[in-house]
Number of protein chains: 2
Amino acid sequence: MTDAINRTSKLPLYHQLYEILRGAIGRGEWKPGDMLPSELELTERYQVSRITVRQVLDMLAKEGLIYRQRGRGTFVAHPTVDQVLQRIVSFTDDMRRRGFEPSTRVLSAGLLPAPEEIGRKLLIPAGEELVRLQRLRLADDEPMTIEESYLIHRYCPGLLERDYRAEPLRELLERVYGIRWSRATQVIRAITASRELATLLAIRPNAAVLFIERVSYSQDNVPIEFLRLYHRGDRYALQNELRG
Amino acid sequence: MTDAINRTSKLPLYHQLYEILRGAIGRGEWKPGDMLPSELELTERYQVSRITVRQVLDMLAKEGLIYRQRGRGTFVAHPTVDQVLQRIVSFTDDMRRRGFEPSTRVLSAGLLPAPEEIGRKLLIPAGEELVRLQRLRLADDEPMTIEESYLIHRYCPGLLERDYRAEPLRELLERVYGIRWSRATQVIRAITASRELATLLAIRPNAAVLFIERVSYSQDNVPIEFLRLYHRGDRYALQNELRG
DNA sequence: TAGTGGTCTAGACCACAAA
DNA sequence: TTGTGGTCTAGACCACTAA
């Protein structure tokens with residue numbers, strides 16, 4: 001909260017204030033349930049009009065990060081299971097919200113030339129070097145998900161020499177390579193487990209698997225990661241709310 | 001567009017204007033790609049301030065119903081496949097967007113007392129009378145989805161005597177019983193097809209099925225319908241975009 | 001009663017697109 | 001040059017919550 005608004009910047013005021021508040025919530029400086037400063041306080045602290053403050057709070061509320069109560073104040077929202085279909089959420093956070101204790105085993109890690117199909121999705125020529133990281137994700141020590149991550153090596157050279165087992169991949173990418181995910185597109189399907197996948201997930205061959213393929217984009221809107229998620233059909237479900 | 005804003009109503013102006021514009025788009029009075037009146041025109045036509053007009057247009061834009069281009073104008077958005085995870089979309093619209101020609105066969109229709117499980121989801125006692133409608137949905141004359149709908153009979157008495165084959169169920173519910181869906185909650189899973197389901201969908205037993213259970217709420221926020229959707233895993237996928 | 005968010009206004013200047 | 005949406009301001013009154 002030491003950030004201030006830069007009046008000479010070309011960035012709109014509301015955008016700067018959004019980043020300030022968003023960052024403070026993201027870093028946990030305000031925790032779920034905490035009350036944010038009132039609109040009046042924010043106008044004074046950042047020297048912007050109330051309309052501009054409200055524009056930012058409305059954005060955050062629409063995204064589900066805060067909620068507002070007339071006569072009471074504005075509060076940091078408790079994360080919900082819904083959010084996994086709206087935001088990029090780590091496996092760890094997702095499992096904690098579902099009431100599981102997450103853990104991870106690295107199955108394989110290495111470099112490989114991009115197959116045609118993945119090259120197309122990441123907008124790179126086939127053959128360009130990728131980092132491939134295959135992990136088994138457990139919930140309460142039982143297999144839940146296989147996660148296959150393909151990263152363009154050019155953007156994170158030497159990743160495999162880092163301690164990607166100890167630190168969440170997402171934090172490592174941000175800290176060392178300055179990569180933050182701004183958005184992602186994904187496709188969700190139902191498939192049946194191959195013999196190999198079944199063994200890893202400790203399910204019967206041909207059991208149902210919720211399969212997600214995702215392309216994640218950096219803050220510069222460059223596609224950097226292609227991800228395959230194989231969720232156990234008997235343990236994992238997605239939830240969301242629809243408007244009429 | 002003959003609607004006008006009622007200054008004596010307790011409803012906020014922006015809410016009334018939202019309903020007017022939303023309705024006109026929903027009824028197809030403006031079609032995808034059409035330009036909406038400019039902000040200035042809307043302020044004049046409805047005698048509200050520009051900020052109020054913008055509040056409404058921003059809401060519609062956030063929901064993906066319109067898009068805005070500085071210097072050009074505001075336009076009705078083309079529906080996307082994404083929307084099926086955000087809005088309540090009919091099978092017919094969904095298939096057309098995916099480039100298929102939809103059709104329907106009614107498999108069964110009748111009344112039954114609510115099983116315990118469905119009663120819980122619809123907040124009614126077990127045993128209350130439900131309408132059950134089971135339909136096979138086809139895309140380009142090939143099975144795509146089995147749709148099992150359970151409606152509380154009390155809210156749509158005599159539904160089965162109506163011509164629910166000719167008219168979309170949604171329109172019939174609105175026209176005859178005044179029921180509009182305001183929102184819904186759903187759970188998405190991967191399952192394998194039972195022998196019976198496999199026969200209906202023309203797939204192998206144990207093939208993967210994308211299974212969705214949904215509770216839909218009327219404009220009065222009353223749960224009225226419980227829906228089970230069994231989508232063929234080899235033909236149907238969901239797509240969406242995530243924020244970082 | 002004091003403090004909070006909800007709604008609404010008039011008016012200004014800017015950036016961008018198209019003619 | 002004209003018309004569009006984008007950003008921002010000060011100020012007003014209302015509705016709700018909690019003390």
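Just so we're on the same page: letters track the sequence lines, and every chain starts at 1.
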Write down the atom of A:Phe226, the atom of A:Leu122, and the distance for their closest heavy-atom approach.
N-CD2, 3.9 Å
Figure out the CG/P separation between A:Leu40 and D:dA10, and round it to whole Å.
12 Å
Out of C:dG6, C:dA17, C:dT9, which nucleotide sits closest to the side chain of B:Arg72?
C:dA17
Does B:Leu13 reach a base, just sugar-phosphate, or nothing at all? Heavy atoms under 4.0 Å.
sugar-phosphate
Out of D:dC8, D:dG6, C:dC8, which has the shortest distance to the side chain of A:Tyr14?
D:dC8
Looking at B:Glu225 and B:Arg170, is there a salt bridge between them, counting it only when a charged N and a carboxylate O are closer than 4.0 Å?
no
How many Å lie between CG on A:Asp58 and P on D:dC8, as a whole number?
15 Å
Quick one: the side chain of A:Arg50 and the base of C:dG6, do they pair up donor-acceptor inside 3.5 Å?
yes
Nearest-nucleotide pick for A:Met35, side chain only, options being C:dT9, D:dT7, C:dT4:
C:dT4
Would you say C:dG5 has OP1 or OP2 under 4.0 Å from some side-chain N or O of A:Arg54?
no
Just to confirm, is there a sub-4.0 Å distance from OP1 or OP2 of C:dG3 to any side-chain nitrogen or oxygen of A:Ser38?
no
Picking from D:dT9, C:dG5, D:dG5, the nucleotide nearest the side-chain atoms of B:Glu39 would be D:dG5
Hey, does the Lys NZ or Arg CZ of A:Arg189 hover above the aromatic six-ring of A:Phe211, less than 6.0 Å from the centre and inside 45° of the axis?
no
Atom OH of A:Tyr67 to atom C1' of D:dT17: distance rounded to whole Å?
14 Å
At less than 4.0 Å, is any side-chain N or O atom of A:Thr74 found next to OP1 or OP2 of C:dG5? Yes or no.
yes
On a heavy-atom basis, which atom in A:Tyr67 and which in A:Val76 lie closest, and how many Å separate them?
CE2-O, 3.6 Å
Does D:dT9 have its OP1 or OP2 closer than 4.0 Å to a side-chain nitrogen or oxygen of A:Thr52?
yes
Given C:dG6, D:dG6, C:dC8, identify the nucleotide with an atom nearest to the side chain of B:Arg70.
D:dG6
